[in-house]
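Note sheet for the following structure.
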Amino acid sequence: MERIVSLCKRRGFVFQSSEIYGGINGFWDYGPLGAELKRNVKDFWWRVMTQRRDDVVGLDATIIMHPKIWEASGHTTTFADPMVDCLLTKKRFRADQIEPQSGVVYHYSGAEDSTDKAKTSSEPYSVLLAPGKNPDSARKAARQFYAQRGIVEARLLDERTEKVENSTRYNQENGSLLTEARMFNLMFKTYVGPVESAENTAYLRPETAQAIFAQFKNVADVSRQKVPFGICQIGKAFRNEINPRNFTFRSREFEQMELEFFIRPDEAVEAICGSVARPAGPGHPGEPQANWGWQMWHKYWVEERLAFYESIGLPRTTLVEYWQKPEELAHYARATVDILYKFPFSKRDAAGELAGEELEGIAARSDFDLSQHQRFSGKGMGVFDEELKLAWAKLDEAKKAALSQRYFESRRNYLVKTNEEPAGAEARAREEAAGLARGSYVPHVIEPSAGVDRLALALICNAYGEDTAPDEKGKMETRVVMRFHPRIAPVKAAVFPLLKNKPELVKKAREVRDLLRPHMTVFYDEAGAIGRRYRRQDEAGTPFGVTIDFDTLGEQGAELKDTVTLRERDSMKQSRVKIDALAALLLERIR
Ligand code: ATP
């Protein structure tokens with residue numbers, strides 16, 4: 001990982017934000033190559049998720065929104081992580097990320113100053129030592145702890161020891177006791193307008209998804225889309241992470257690419273199609289069908305997203321499809337699959353395999369989100385489904401009763417969970433079940449939610465390679481090569497005149513550069529030995545090198561005139577290509 005981090009800085013993929021002022025923890029800037037990489041990732045996601053589909057449209061909403069949005073979504077109350085501090089160093093950790101440790105704990109009930117008896121502390125303190133470690137190191141840590149409380153020459157009181165197994169109460173770095181966990185809300189607060197008062201408080205969005213729900217009705221009204229359809233968005237999100245770490249993986253400012261795909265409730269699907277299709281086995285379920293319920297749609301999006309990652313060069317073997325266990329699911333979620341990438345810093349499982357870290361979560365979120373916004377805003381979030389109304393009229397009475405009852409129960413469950421009093425919940429749910437019979441419902445949603453920065457980091461880790469290649473004199477040397485998929489490579493082609501001091505070569509090379517430039521990012525370089533120029537582009541991950549040499553000018557025979565050397569980054573193979581065929585050939589390879 002260190003080599004990757006250093007390459008990122010050296011070649012301008014990622015810099016520390018505000019580096020000249022010592023940096024700011026959890027914030028990163030993308031340099032010239034990183035900016036191109038990120039842009040390519042986002043553009044390709046946008047193309048795949050909306051432009052190439054009939055059933056998904058885009059949105060570009062603001063970062064600061066009405067604070068009620070975060071009440072409705074639950075972020076104001078529950079978007080919090082447990083936080084603990086080291087009692088010795090004050091370093092802060094997320095309590096749920098502390099590694100369990102075993103050993104002997106040294107407890108002290110307090111300390112008194114051996115030179116000044118008036119100075120005492122009755123604050124208890126403990127230190128965990130790994131088995132076999134010298135007890136003096138516990139005493140040293142305890143003296144430091146009490147010294148910070150003004151007991152300079154501490155005599156430790158009531159030392160006692162205790163064996164512990166798998167405790168998460170101690171700092172894994174120094175064994176010191178941690179504070180009790182406190183919940184910490186991760187939203188960044190700010191004020192709208194000049195007065196810093198409670199009523200002017202607003203938040204930087206911690207996710208892009210909520211704007212999609214809040215604008216659902218507007219988008220549905222103007223886009224002529226009917227459920228099932230989706231709305232997607234790419235944009236910045238902010239989380240005041242307690243412990244940003246693993247380079248850009250956990251940052252405080254990052255970008256998300258989210259899709260909310262709205263579907264019919266299963267009861268509506270059954271009314272229209274007679275039954276609800278469910279996944280028959282592993283793999284992609286194929287083209288969407290009218291009889292798909294939430295499980296098929298969820299499976300469909302998991303497979304689509306896995307295919308997306310493969311299509312930009314992350315091999316399936318580097319990805320993990322992790323199905324959250326029932327106890328891990330949010331209360332409204334019916335199923336969530338996390339797509340993990342095996343980062344070099346991932347933990348290893350019992351078999352020594354990298355376990356992977358989350359790139360994306362794909363959640364089946366029921367009708368929770370739109371229902372919440374309906375409740376908090378007082379504006380209806382339901383849709384009218386003509387097909388459902390017509391189909392319902394043709395159902396027999398027993399079927400109508402069964403579907404109504406099921407819909408009633410799921411709506412009542414939602415309302416009760418959101419603390420509506422039972423009688424009110426019952427009445428509302430009855431009304432909503434009657435609405436279903438008239439063709440109205442609140443859509444359910446499947447949410448594939450991915451992080452741009454985590455994906456960029458995965459692509460960088462995956463691309464990084466070292467091999468050997470001959471230098472100018474034919475001597476083998478180590479070559480660092482970023483094997484990005486051409487689709488997302490920051491620069492697609494580098495154009496080089498063989499020699500800088502030959503005006504005909506330079507002129508021709510500039511012509512080739514200008515020919516390619518309308519179609520792709522091109523880097524033009526005329527300085528230094530050609531081998532070194534190739535090597536620089538290998539490190540940048542440029543998949544194609546185009547060299548204009550004397551053959552191009554026709555000096556070695558008319559048949560080679562207006563041809564160039566095309567060099568491929570990964571195989572280092574070189575071939576001759578006609579200039580007028582070059583753009584089409586490269587476009588074919590980078591699309
Ligand atoms: P984690 O458990 O790692 O904190 P999460 O489950 O809270 O992530 P979601 O709320 O599902 O994440 O956000 C969707 C996606 O946004 C994640 O899969 C990830 O790619 C990205 N993301 C979330 N938090 C961060 C962060 N602090 N830095 C970078 N990307 C993030």
Side-chain angles (χ1 to χ4, degrees), residues 14 17 24-30 34 38 41-42 45 49 63 70 73-75 78-83 93-97 183-188 203-213 232-260 298 301-302 305-306 308-309 312 314 319-325 328-330 332-333 335-343 345-347 355-365 368-369 445-461:
V14 180
S17 164
I24 169 166
N25 195 8
F27 296 87
W28 300 93
D29 293 340
Y30 289 81
K38 240 180 117 175
V41 165
K42 289 188 284 182
W45 185 92
M49 298 297 270
I63 286 170
W70 307 112
S73 67
H75 282 80
T78 59
F79 191 58
D81 281 336
M83 172 176 79
F93 300 94
R94 240 172 83 172
D96 54 345
Q97 289 175 347
M183 291 311 275
F184 171 74
N185 193 297
L186 301 186
M187 284 200 293
F188 278 98
Y203 301 94
L204 304 191
R205 66 181 176 203
E207 61 172 41
T208 59
Q210 291 306 319
I212 298 180
F213 298 124
C232 68
Q233 172 163 230
I234 298 179
K236 289 269 189 184
F238 302 82
R239 296 183 187 179
N240 201 357
E241 296 280 358
I242 293 168
N243 196 7
R245 58 187 187 158
N246 290 331
F247 200 23
T248 56
F249 180 83
R250 187 170 300 285
S251 307
R252 288 178 164 143
E253 173 173 343
F254 53 96
E255 270 183 286
Q256 290 185 313
M257 307 184 281
E258 297 196 292
L259 166 68
E260 302 302 331
H298 183 239
W301 280 112
V302 170
R305 299 301 305 140
L306 284 166
F308 173 86
Y309 289 115
I312 51 173
L314 295 182
L319 301 170
V320 178
E321 177 185 334
Y322 176 76
W323 287 74
Q324 287 191 7
K325 301 190 185 82
E328 293 171 318
L329 289 175
Y332 47 80
T336 299
V337 169
D338 291 335
I339 298 181
L340 317 180
Y341 173 75
K342 296 177 184 173
F343 284 98
F345 51 77
S346 297
K347 288 192 198 109
E357 307 290 333
E358 179 180 327
L359 285 184
E360 166 159 1
I362 302 145
R365 297 173 62 92
F368 176 78
D369 304 280
V445 75
I446 308 290
E447 177 193 79
S449 165
V452 181
D453 309 77
R454 287 191 184 175
L455 177 51
L457 185 59
L459 292 166
I460 288 172
C461 293

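Keep in mind that what you see is a predicted model, and the values were worked out from it rather than measured. Start at 1 and go down the list; that is how both ligands and their atoms are numbered.
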Closest heavy-atom pair and its distance - [X], [Y]:
X: Glu260; Y: Ala209; value: OE2-CB, 3.2 Å
X: Gln233; Y: Trp45; value: O-CH2, 4.1 Å
X: Ser449; Y: Gln256; value: OG-NE2, 4.2 Å

Indicate yes or no: does an N/O atom of [X] lie under 3.5 Å from an N/O atom of ligand 1?
X: Arg250; answer: yes
X: Phe254; answer: no
X: Ala450; answer: no

Donor-acceptor contacts, no H, no angles, side chain residues 241-249, under 3.5 Å, sequence neighbours left out:
from: Glu241; atom 1: OE1; to: Arg250; atom 2: NH1; distance (Å): 3.4
from: Glu241; atom 1: OE2; to: Arg250; atom 2: NH1; distance (Å): 3.4
from: Arg245; atom 1: NH2; to: Gln97; atom 2: OE1; distance (Å): 3.3

Taking the minimum heavy-atom distance to atom 12 (O) of ligand 1, which of Glu207, Arg239, Glu447, Gln256 ranks first?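 Checking each option, the heavy atom nearest atom 12 (O) of ligand 1 is found in Arg239.
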
Distance-only side-chain donor-acceptor flag, Asp369 / Tyr332, under 3.5 Å: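 Looking only at side-chain atoms, Tyr332 and Asp369 do not form any donor-acceptor pair under 3.5 Å.
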
Asp338 and ligand 1 - part of the residue with a heavy-atom distance under 4.0 Å: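 Neither; no heavy atom under 4.0 Å.
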
Taking heavy atoms and a distance under 4.0 Å, where does Glu241 meet ligand 1: side chain, backbone, both or neither?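 The part of Glu241 near ligand 1 is the side chain, not the backbone.
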
Protein contact of [atom] - nearest heavy atom, named by residue and atom, plus distance:
atom: atom 18 (O) of ligand 1; value: Glu358 OE2, 2.7 Å
atom: atom 29 (C) of ligand 1; value: Phe249 O, 3.1 Å
atom: atom 21 (C) of ligand 1; value: Gly451 CA, 3.8 Å
atom: atom 19 (C) of ligand 1; value: Arg454 NH1, 3.5 Å
atom: atom 14 (C) of ligand 1; value: Ser449 OG, 3.0 Å
atom: atom 28 (N) of ligand 1; value: Ser251 N, 3.0 Å

With sequence neighbours left out, what residues match Phe213 under ring-ring contact (aromatic ring centres under 6.0 Å, His included)?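 Phe213 satisfies ring-ring contact (aromatic ring centres under 6.0 Å, His included) with no other residue.
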
For a side-chain contact (heavy atoms from CB on, under 4.5 Å) check, start with the C-alpha distance between Glu360 and Tyr309, then their side-chain angles and the critical distance, and finish with the verdict. CA-CA 10 Å; Glu360 166 159 1; Tyr309 289 115; 2.5 Å; yes

Out of curiosity, Leu186 CG to Thr78 OG1, how far, rounded to the nearest 0.5 Å?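 Leu186 CG to Thr78 OG1: 10.5 Å, rounded to 0.5 Å.
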
Which ligand 1 atoms are under 4.0 Å away from a heavy-atom of Glu360?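 Contacts of ligand 1 toward Glu360, numbered from 1: 18 (O).
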
Derivation and outcome, side-chain contact (heavy atoms from CB on, under 4.5 Å), residues Thr336 and Glu447: CA-CA 9 Å; Thr336 299; Glu447 177 193 79; over 6 Å; no

May I ask whether Leu359 places a heavy atom under 4.0 Å from ligand 1?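 It does; at least one heavy atom falls under 4.0 Å.
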
